[in-house]
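Reviewing the structure listed below.
No hydrogens, no waters, no symmetry mates; every other heavy atom, side chains included, goes into these values. Every chain is numbered from 1, with letters handed out A, B, ... down the list of sequences.
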Number of protein chains: 2
Amino acid sequence: MNRSGLSEQQLQAYFTLTEVGNLLEQAVSSQLRADGDLSPVQFAVLATLGTSDATYRMTDLADRIVYSRSGFSYQAGQLEKRGLIAREPSPQDERSTLVTITAAGRELLARVMPGHVDVVRGVLFEAMPDGDVAVLQGVLGPVRDRLRAAPPRSARPRRRS
Amino acid sequence: MNRSGLSEQQLQAYFTLTEVGNLLEQAVSSQLRADGDLSPVQFAVLATLGTSDATYRMTDLADRIVYSRSGFSYQAGQLEKRGLIAREPSPQDERSTLVTITAAGRELLARVMPGHVDVVRGVLFEAMPDGDVAVLQGVLGPVRDRLRAAPPRSARPRRRS
DNA sequence: TATTGTTATACTCTATAACTATA
DNA sequence: TATAGTTATAGAGTATAACAATA
């Protein structure tokens with residue numbers, strides 16, 4: 001434990017995680033742009049919608065993807081303009097908007113996925129022993145779960161006008 | 001191994017890593033902005049320069065921080081304007097620019113660090129068993145080393161004019 | 001010719017605050 | 001009064017390509 005409140009080991013692990021994350025995002029970003037004209041965020045939206053079968057509200061998707069509401073509205077607008085997602089008012093609560101992936105969205109996802117997976121393998125898994133995959137998930141999975149359970153950004157009260 | 005070339009386990013671990021990285025960056029970004037009016041990239045520059053004693057060339061720093069040259073020139077300009085770093089031509093190779101952190105830069109780094117470390121602990125380490133820290137470093141350290149050894153972005157040949 | 005770095009340009013992204021509508 | 005979502009605005013960040021200087 002150094003004077004800052006994190007051990008040297010923890011600080012190193014944090015920097016390593018950050019650097020790997022940046023490098024990974026960089027590599028993935030090029031591939032997505034080249035193969036599908038998608039940003040990492042847009043890919044995350046399509047992947048989230050295309051993998052889970054669930055429908056999401058705008059706010060929930062924004063929280064999951066880690067975005068401000070307004071920023072997510074912009075991104076959803078971009079994807080909707082290209083016909084990759086659809087928005088419709090929720091029957092239960094007409095304030096809410098439900099987001100679904102379209103057939104075209106699924107097609108693009110399928111078209112982009114193989115190259116994407118190739119990049120991820122090359123960057124992250126090629127030199128990683130198989131056993132380490134479970135170890136990584138074992139360490140970071142609980143962290144993710146705990147963060148998801150924490151009050152999300154959109155829950156922060158807004159200022160009065 | 002699913003049809004895409006990554007096992008389901010690998011895909012999950014990749015998504016988890018990405019999500020934790022995003023959440024972490026989000027949290028850290030607020031703290032840095034509030035306490036030092038710094039972006040995560042600007043913090044990374046100061047932290048890299050302030051931690052290692054080495055001097056870096058512009059290109060090497062850009063590669064380390066994972067940035068385009070032009071983008072890094074912009075960021076270096078921002079930091080220099082605030083007196084946090086200094087640039088000078090290299091004596092050995094006058095094409096190169098050496099970057100150093102100033103006393104003011106160190107002061108700002110020291111001022112920002114405690115809160116920064118608090119956030120990182122809260123997000124990443126609070127619920128992580130001590131043993132997992134070494135495990136995480138053990139898994140991601142080699143990945144990072146391998147990526148650093150790979151030809152960096154700036155090595156990509158530029159188009160002829 | 002190749003490399004280092006900067007800059008002009010054009011664009012994407014992002015957040016804050018204001019706004020509308022529903023609960 | 002609180003919540004969901006959009007949008008106007010304004011600014012920050014980013015990359016490409018062109019540029020100048022040195023090797």
Side-chain angles (χ1 to χ4, degrees), chain A residues 22 25-26 29-30 32-34 37-45 55-63 65-82 85-99 151-161, chain B residues 22 25-26 29-30 32-34 37-45 55-63 65-82 85-99 151-161:
Chain A
N22 288 341
E25 159 128 16
Q26 163 61 33
S29 178
S30 305
L32 291 172
R33 186 59 67 189
D37 197 25
L38 290 171
S39 69
V41 177
Q42 292 164 348
F43 171 76
V45 174
T55 58
Y56 288 83
R57 299 185 315 153
M58 290 290 289
T59 298
D60 297 334
L61 255 183
D63 288 338
I65 309 296
V66 189
Y67 244 59
S68 69
R69 291 191 192 194
S70 67
F72 187 74
S73 268
Y74 170 77
Q75 293 295 348
Q78 298 296 111
L79 291 172
E80 193 177 44
K81 218 190 308 180
R82 292 171 63 183
I85 65 169
R87 285 186 280 191
E88 53 176 1
S90 163
Q92 284 85 27
D93 183 341
E94 297 218 341
R95 291 172 302 182
S96 300
T97 298
L98 298 182
V99 184
R153 323 162 26 87
S154 61
R156 291 184 305 180
R158 306 181 186 185
R159 283 194 201 156
R160 299 194 25 139
S161 46
Chain B
N22 287 342
E25 159 127 18
Q26 163 62 31
S29 178
S30 306
L32 291 172
R33 186 59 67 190
D37 196 26
L38 291 171
S39 69
V41 177
Q42 292 164 348
F43 170 77
V45 173
T55 58
Y56 287 83
R57 300 185 315 154
M58 290 290 289
T59 297
D60 297 335
L61 255 184
D63 289 338
I65 309 296
V66 189
Y67 243 60
S68 70
R69 292 190 191 193
S70 66
F72 188 73
S73 268
Y74 170 77
Q75 293 296 349
Q78 297 299 110
L79 292 172
E80 194 177 43
K81 219 191 303 183
R82 292 170 64 184
I85 65 168
R87 285 185 279 192
E88 54 177 359
S90 163
Q92 284 85 28
D93 182 341
E94 297 218 341
R95 290 172 303 183
S96 300
T97 299
L98 298 182
V99 183
R153 319 162 28 85
S154 63
R156 289 184 306 181
R158 305 182 187 184
R159 283 196 201 152
R160 300 194 26 136
S161 50

Discussion item. Rounded to whole Å, how long is the line connecting atom OH of Tyr74(B) with atom P of dT16(D)?
Written reply: 18 Å
Worksheet item: Roughly, in whole Å, what's the span from CD in Gln78(B) to P in dT6(C)?
Response: 13 Å
Worksheet entry | Minimum-distance nucleotide (side-chain atoms of Met58(A) versus dG5(D), dG13(D), dA15(C)) | dG5(D)
Practice prompt. Would you kindly give the CD-to-P distance between Gln92(A) and dT22(C), to the nearest whole Å?
Written response: 16 Å
Worksheet item: Of all the nucleotides listed (dA15(C), dG5(C), dG13(D)), which has the minimum atom distance to the side chain of Gln26(B)?
Response: dA15(C)
Discussion item. If I take atom CG in residue Leu79(A) and atom P in nucleotide dG5(D), what distance separates them, rounded to the nearest angstrom?
Written reply: 16 Å
Response to the item:
Against the side chain of Arg69(A), the closest entry in dG5(D), dA15(C), dT22(C) is dG5(D)
Discussion item. According to salt bridge (Lys or Arg N to Asp or Glu O under 4.0 Å), who are the partners of Arg33(A), at least two apart in sequence or on a separate chain?
Written reply: Asp37(A)
Worksheet item: How many Å lie between CG on Leu98(B) and C1' on dT22(D), as a whole number?
Response: 14 Å
Worksheet item: In whole Å, what is the span from the CD1 atom of Ile85(B) to the P atom of dG5(C)?
Response: 12 Å
Item to complete: Rounded to the nearest angstrom, tell me the gap between atom CZ in Arg87(B) and atom C1' in dT4(C).
Response: 13 Å
Worksheet item: Checking only heavy atoms, does the side chain of Ser70(B) share a donor-acceptor pair with the base of dA15(D) at less than 3.5 Å?
Response: yes
Worksheet, complete the sentence: Per atom distances to the Gln42(B) side chain, the nearest of dG13(D), dT3(C), dA23(C) is dG13(D)
Worksheet, complete the sentence: Arg57(A) has its side chain closest, among dT6(D), dG5(D), dC13(C), to dG5(D)
Response to the item:
DNA chain C nearest-nucleotide lookup for Asp93(A) and Ser73(B): closer to the 5′ end is Ser73(B)
Worksheet, complete the sentence: Taken in chain and number order and not counting sequence neighbours, the residues that satisfy side-chain hydrogen bond (donor to acceptor under 3.5 Å, both in side chains) with Glu80(A) are Arg87(A)
Discussion item. Nearest heavy atom decides the nucleotide; on that basis, is Glu94(A) or Ser39(A) closer to the 5' end of DNA chain C?
Written reply: Ser39(A)
Fill in: Residue Ser96(B), side-chain heavy atoms: nucleotide from dG5(C), dA4(D), dG13(D) that is nearest
dG5(C)
Worksheet entry | Distance in Å, Ile65(B) CD1 paired with Gln42(B) CD, rounded so as to fall on 0.5 Å steps | 11.0 Å
Discussion item. What is the separation between atom CD on Glu88(B) and atom C1' on dT22(D), rounded to the nearest whole Å?
Written reply: 17 Å
Item to complete: Remember a base hit wins even if backbone is also touched, and classify Phe72(A) as base, sugar-phosphate or nothing at under 4.0 Å, heavy atoms.
Response: nothing
Worksheet entry | Test item: Ser73(B) and Arg69(B) side chains (from C-beta on) under 4.5 Å apart, heavy atoms | no
Response to the item:
Of dA21(C), dT7(C), dT22(D), the nucleotide closest to the side chain of Arg95(A) is dA21(C)
Item to complete: Could you tell me which non-hydrogen atom of Ser90(B) sits nearest to which non-hydrogen atom of Leu98(B), and how far apart they are?
Response: CB-CG, 3.8 Å
